[in-house]
Amino acid sequence: MKWLELLTVAGATLVAAVTVVVLYSLGVRLTAIAGDRQVAAPGWVKYVSYVCFGLCGIAVLFGLYLIIPYFSG
Amino acid sequence: MVALVIALALFFDFTNGFHDTANAMATPIATGAIKPKTAVALAAALNLVGAFLSTEVAKTVSGGIIREGSGGVQITPDIIFAGLMGAILWNMITWLKGLPSSSSHALFGGLIGAAIVGIGFQSVNLETLLQKVILPAVFAPVIAGLVAYVCTRIAYALTSRHDPETGSKLTQKRGGFRNGQVFTSSLVALAHGTNDAQKTMGIITLVLIAAGTQEHGSGPQLWVIAACALAIAIGTYAGGWRIIRTMGAGLTEVKPAQGFAAESSTASAILASSHLGFALSTTQVASGSVIGSGMGRRGTTVRWGMVGRIAVGWLLTLPAAGIVGALTALLVKTGVAGVVIAAVAGIGAVLYMFLVSRKSQVGHHNAVEVEEAGQAVRWAKKKALARARAAERAKNNNPKGPQR
């Protein structure tokens with residue numbers, strides 16, 4: 001039966017989408033904090049936001065890497 | 001006959017790209033994240049790339065649904081021709097009537113109907129049909145919707161900013177999501193290429209197998225993949241121009257954060273399904289995500305009537321296209337004259353569709369299929385309410401109706 005495969009799809013979708021959204025949202029949030037004028041934000045916040053965006057991109061690329069048969073042999 | 005079917009299949013692919021560009025690129029164009037021309041070109045390119053990524057779905061179509069080959073029954077190019085005609089005709093009917101429908105399911109329905117009439121009921125592999133088409137059709141939009149709901153919640157929770165002392169709301173600064181949408185919608189375009197282009201590959205491969213030029217159970221050949229990829233990319237590019245024209249009409253209001261969540265869940269759901277060979281409708285998954293992300297926003301109510309209408313449209317497609325496919329198969333069975341009649345009817349229908357599409361004003365009801373899903377969720381908005389009231393007042397003052 002293919003219920004297992006269906007579950008796989010559900011799980012993969014959830015994990016992939018949540019990963020991307022969490023990382024990107026964190027990036028957005030930290031960018032917003034870094035951009036605040038009144039409260040001086042620590043300098044590292046900006047860099048952490050870059051790291052978040054970067055990780056998000058890597059997560060997407062990794063997902064594609066998993067899917068494309070050319071890479072997985 | 002084989003050449004005719006291949007040409008028809010490629011045309012089907014083209015229309016598929018033509019219709020579905022909107023699903024991927026409408027939101028980023030609407031929010032101004034990306035220029036229309038760039039968006040359309042990007043979508044076309046990514047569809048092209050996506051088509052090369054995987055062949056699992058193509059194998060499902062070519063080897064799973066209809067029992068072909070030794071031990072099974074001999075499927076002929078005529079039957080595939082009838083099925084394809086059924087799909088194209090049904091697509092045209094729904095398109096003219098403005099019904100939400102899935103071209104993928106029309107394709108399967110037509111093929112199944114034609115096979116049942118042309119060969120017999122035993123020709124259809126019910127098990128694979130249930131497992132790889134019907135179950136995903138029911139569950140994939142639900143999965144995508146749930147995930148989109150969760151993602152929207154997360155996105156809003158993570159970016160909601162309150163002043164730590166007073167507790168009052170700060171500027172939310174969610175503008176970053178607008179740029180993110182460029183990437184997520186590109187992923188949706190890529191996913192569309194992987195799933196939808198493959199259905200056509202599967203059909204062409206099925207024809208080649210039926211004609212005896214290709215081994216049973218083998219995957220699509222390279223030139224088939226390339227042709228399908230090109231057809232869907234050109235279709236996407238051509239279809240894009242219609243959408244650009246509709247952009248002024250205004251889309252359902254989707255906030256960038258919401259769109260980002262919806263698109264990432266759509267793309268993940270489609271890509272994951274493609275990888276396992278599930279043939280699903282990208283439009284349906286995208287609609288599910290839009291509804292899900294709409295529910296994830298606070299203060300929304302779902303118009304269940306609208307959701308029901310969409311669902312009925314989905315459920316109807318498979319059997320209805322099946323009936324049309326079956327009728328075409330009957331016609332084809334009568335001999336050469338029947339084939340000619342069916343071919344002429346099909347080409348006529350396509351031409352008519354093309355002419356109407358040139359003539360008719362493009363509204364977002366026929367350009368953006370997801371639009372309907374967006375309308376299924378409603379949130380109370382003061383501005384929108386005020387606008388509606390103003391419109392009503394204007395209507396009362398002007399009994400002739402709104403002037404264009």
Side-chain angles (χ1 to χ4, degrees), chain A residues 1-42 45-46 48-73, chain B residues 52-56 127-128 130-132 135-136 139-140 142-144 146-148 150-152 154-161 164 170-177 179-180 183-184 187 190 194 257 260-278 280 285 289:
Chain A
M1 198 53 200
K2 303 281 171 172
W3 289 107
L4 197 68
E5 289 192 6
L6 211 60
L7 270 181
T8 315
V9 169
T13 308
L14 189 68
V15 170
V18 165
T19 310
V20 168
V21 168
V22 163
L23 284 172
Y24 200 89
S25 304
L26 271 179
V28 168
R29 169 99 199 227
L30 291 172
T31 314
I33 292 174
D36 273 348
R37 249 176 268 147
Q38 294 98 338
V39 195
V45 170
K46 203 162 87 184
V48 175
S49 79
Y50 292 156
V51 169
C52 280
F53 285 131
L55 279 178
C56 179
I58 289 170
V60 170
L61 289 179
F62 180 67
L64 288 177
Y65 166 81
L66 283 181
I67 285 171
I68 300 170
Y70 180 79
F71 294 125
S72 34
Chain B
F52 282 100
L53 286 189
S54 162
T55 53
E56 288 302 318
E127 206 182 339
T128 316
L130 194 70
Q131 287 172 356
K132 294 234 161 172
L135 276 184
F139 284 104
V142 176
I143 292 171
L146 285 177
V147 172
V150 172
C151 286
T152 313
I154 292 174
Y156 274 97
L158 279 177
T159 53
S160 81
R161 294 170 6 111
L170 285 172
T171 335
Q172 304 289 304
K173 287 189 186 165
R174 292 194 179 113
F177 281 113
N179 294 328
F183 298 102
T184 46
L187 279 177
L190 191 77
T194 54
F260 184 87
E263 278 162 9
S264 21
S265 11
T266 307
S268 337
I270 297 173
L271 285 173
S273 312
S274 299
H275 190 55
L276 289 173
F278 288 158
L280 43 80
V285 174
S289 292

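Values below: all heavy atoms of this structure, side chains included; hydrogens, waters and symmetry mates excluded. Chain naming here is simple, since letters A, B, ... match the order of the sequence lines and numbering starts at 1 in each.
- Taking each heavy atom of A:A17 and B:S265 in turn, the nearest pair found is CB-CA, 3.8 Å.
- Considering B:I270, B:I143, B:L271 as possible partners of A:T13, the one that fulfils the side chain to side chain contact (heavy atoms under 4.5 Å, CB included) test is B:I143.
- Taking B:F183, B:F260, B:F139 one by one and counting their heavy-atom pairs under 4.5 Å with chain A, the maximum is reached by B:F260.
- Highest contact tally toward chain B, considering only A:A12, A:A16, A:A10, A:G11, is held by A:A10 [criterion: heavy-atom pairs under 4.5 Å].
- Residue B:L146: no heavy atom, backbone or side chain, is found under 4.5 Å from chain A.
- Neither the backbone nor the side chain of A:V15 comes within contact range of chain B; no heavy atom of the residue lies under 4.5 Å from a heavy atom of that chain.
- When the candidates B:A272, B:S268, B:A261, B:A140 are compared by the number of heavy-atom contacts under 4.5 Å with chain A, B:S268 comes out ahead.
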